[in-house]
Each structure stands twice: as structure tokens, then as C-alpha cells.
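Written out below as C-alpha cells is the structure these notes cover.
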Amino acid sequence: MTNETLLIPNWKTRDWYSAQNNSLSKPVADWLLEEDSMTRRCERYCHKVTVQPLFEGYVSATSLGKEQPELPVDKRYWVREVFLFGDTIPWIWARTVVPEKTLSGPEQQLIKLGDTPLGRYLFSQAALERDYIQVSLQDSLWGRRSRLRLSGKPLLLTEIFLPSSPLY
């Protein structure tokens, strides 16, 4: 991984929009509307995908901001923020927000991922559904946000594509 200081993209003030195929260029839509694992997608463009965790822990609902309306009310939420690298190049900053109620049964594994890409876990589960994909363009960086459900239990995944990402 790179030793340079990586800046976390602005995610708190982004406005998110319903993804419309006709409002995005074909190459951008191809990436942002990917229904399969973004980890798998990135693996097609490099030798090795790795993850560098930045933060993992519980936060209160008040720290969620614009994410809160997308998830059910809960006492606290598990948050995981990471950089995803293609080989040693930072391609994606990602943030996963999981209501504590989602973390029952096998879904407790979500808090034990460490440096394992989220996509490797999520897309190996039979009971995974995606409610929607929303998109955003801010500071010249594309992003997407999805509400996913594991066994019917929700989580919110935000992915912001960094300048060195193959999306560009």
C-alpha cells in the first residue's frame, strides 16, 4: 500500500440521486450501477485487491447525518470505513453503516471483517438483496450508495471512487 497520506473524500454533505441509466455516460453507469460485488469488479483490473481499514466501531444515530433516514432507528450502528486498493493504488473509499439489530445471527461476522473486503463476505451470502443504488458527483468524484439486506436485515454501503480508480 502507499505511504502517502490519503484524504477521505467528502461524504457527509453529498446529495444522492436515484440512478437513472440515461443521465449517466455509459462507462460511468457501467461502474456505478454494478449489481455484483465491486470487489470482484476491481479484481478484473489488477492483480490483487486489498483493504486498509480506517475506522471500525459503534456510533450513535446522531453521528449518521444524511445516512440516518436510509436505515431503521436503532440505539447504535456499526461503522466501518476503509480504502480499497487495486494492487497498491487507492481506488475506492467505502463506508458501511450497519444497525446493531442487523448484527444478530450470522450477520455478526460483519464486525469481524478486518482487512477482508466487504464484497467478499456479502456476495458469498445466499440471502443478499439490494434495495437501490443512488449516485452522486461531488468534487469531481463519483460515488454510489446502496442499501443492502442480509437475510432481510439492512445495511448501507457508500463507495466513493478516488481519482486513480479505473472508473475514470
Side-chain angles (χ1 to χ4, degrees), residues 1-2 6 8-9 11 14 16-21 23-57 67 70-71 77-99 101-138 141-168:
M1 277 171 251
T2 181
L6 297 173
I8 295 173
W11 60 272
R14 278 182 176 257
W16 296 93
Y17 303 96
S18 178
Q20 302 292 328
N21 267 326
S23 65
L24 301 170
S25 71
K26 182 161 177 21
V28 169
D30 193 46
W31 277 88
L32 296 182
L33 304 181
E34 174 70 59
E35 289 286 338
D36 196 12
S37 162
M38 190 56 67
T39 301
R40 262 188 239 149
R41 175 73 182 258
C42 288
E43 286 173 335
R44 292 187 237 153
Y45 293 84
C46 66
H47 295 290
K48 185 176 183 183
V49 168
T50 55
V51 165
Q52 177 186 340
L54 303 170
F55 174 80
E56 292 181 286
E67 297 165 319
E70 306 301 318
L71 294 165
Y77 299 79
W78 178 261
V79 170
R80 178 178 188 242
E81 295 178 359
V82 303
F83 280 113
L84 185 138
F85 291 81
D87 295 324
T88 60
I89 301 166
W91 282 356
I92 298 172
W93 174 86
R95 176 178 164 93
T96 309
V97 181
V98 186
K101 291 174 190 165
T102 294
L103 299 170
S104 61
E107 291 76 25
Q108 288 176 347
Q109 190 63 35
L110 287 167
I111 66 173
K112 300 173 184 170
L113 293 176
D115 60 4
T116 300
L118 177 69
R120 287 219 181 99
Y121 173 75
L122 288 180
F123 288 87
S124 69
Q125 306 302 306
L128 178 67
E129 299 171 20
R130 188 185 309 264
D131 289 344
Y132 58 76
I133 296 175
Q134 296 173 325
V135 299
S136 176
L137 177 62
Q138 185 173 322
L141 297 177
W142 283 104
R144 73 180 200 157
R145 181 168 81 169
S146 299
R147 187 172 57 214
L148 301 157
R149 293 183 186 272
L150 274 175
S151 303
K153 297 182 265 185
L155 62 105
L156 190 66
L157 173 61
T158 301
E159 298 159 305
I160 299 179
F161 294 81
L162 303 174
S164 53
S165 164
L167 175 144
Y168 305 103

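Here the structure is a predicted model, which is why all the values come from computation and not from measurement.
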Let me confirm one number: the [atom1]-[atom2] distance from [X] to [Y], rounded to the nearest 0.5 Å.
{"X": "Thr102", "Y": "Leu71", "atom1": "OG1", "atom2": "CG", "value": "7.5 Å"}
{"X": "Leu84", "Y": "Ile89", "atom1": "CG", "atom2": "CD1", "value": "12.0 Å"}
{"X": "Glu81", "Y": "Trp11", "atom1": "CD", "atom2": "CH2", "value": "6.0 Å"}
{"X": "Leu110", "Y": "Thr96", "atom1": "CG", "atom2": "OG1", "value": "8.0 Å"}
{"X": "Thr158", "Y": "Glu70", "atom1": "OG1", "atom2": "CD", "value": "9.0 Å"}
{"X": "Glu56", "Y": "Ile111", "atom1": "CD", "atom2": "CD1", "value": "9.5 Å"}

Do [X] and [Y] have side chains that get closer than 4.5 Å, going by heavy atoms?
{"X": "Trp93", "Y": "Leu141", "result": "no"}
{"X": "Leu32", "Y": "Ile133", "result": "no"}
{"X": "Phe83", "Y": "Thr50", "result": "no"}
{"X": "Leu162", "Y": "Trp91", "result": "no"}
{"X": "Trp142", "Y": "Leu24", "result": "yes"}
{"X": "Val79", "Y": "Glu67", "result": "no"}
{"X": "Leu155", "Y": "Leu122", "result": "yes"}
{"X": "Ile160", "Y": "Arg14", "result": "yes"}

Worksheet item: What residues form a ring-ring contact (aromatic ring centres under 6.0 Å, His included) with Trp16, not counting sequence neighbours?
Response: none

Worksheet item: Is there a donor-acceptor pair closer than 3.5 Å between any side-chain N or O of Gln125 and the backbone N or O of Ala127?
Response: no

Worksheet entry | Under 3.5 Å: donor-acceptor pair, side chain of Ser136, backbone of Gly143 | no

Provide the closest heavy-atom pair for [X] versus [Y] in the form atom of the first, atom of the second, distance.
{"X": "Pro90", "Y": "Phe85", "result": "N-CD2, 3.4 Å"}
{"X": "Ser104", "Y": "Lys153", "result": "O-NZ, 2.7 Å"}
{"X": "Gln108", "Y": "Leu103", "result": "CG-O, 2.9 Å"}
{"X": "Leu128", "Y": "Leu148", "result": "CD1-CB, 4.1 Å"}

Worksheet item: Can you pull the ring-ring contact (aromatic ring centres under 6.0 Å, His included) pairs that have at least one residue in residues 35-57, sequence neighbours excluded?
Response: Trp31-Tyr45

Worksheet item: Which residue pairs satisfy the side chain to side chain donor-acceptor pair (under 3.5 Å) criterion with at least one member in residues 159-168, sequence neighbours excluded?
Response: Arg144-Glu159

Practice prompt. Answer with yes or no whether the side chains of Arg130 and Ser146 bring together a donor and an acceptor at under 3.5 Å.
Written response: yes

Residues 112-119 side chain polar contacts: donor-acceptor under 3.5 Å, at least two apart:
| from | atom 1 | to | atom 2 | distance (Å) |
| --- | --- | --- | --- | --- |
| Thr116 | OG1 | Leu113 | O | 3.2 |

Item to complete: Taking side-chain contact (heavy atoms from CB on, under 4.5 Å) as the test, write out the residues that go with Glu43, two or more places apart.
Response: Thr39, Arg40, Val49, Arg120

Practice prompt. Quick one: list whatever passes side-chain contact (heavy atoms from CB on, under 4.5 Å) with Asp30, sequence neighbours left out.
Written response: Arg41

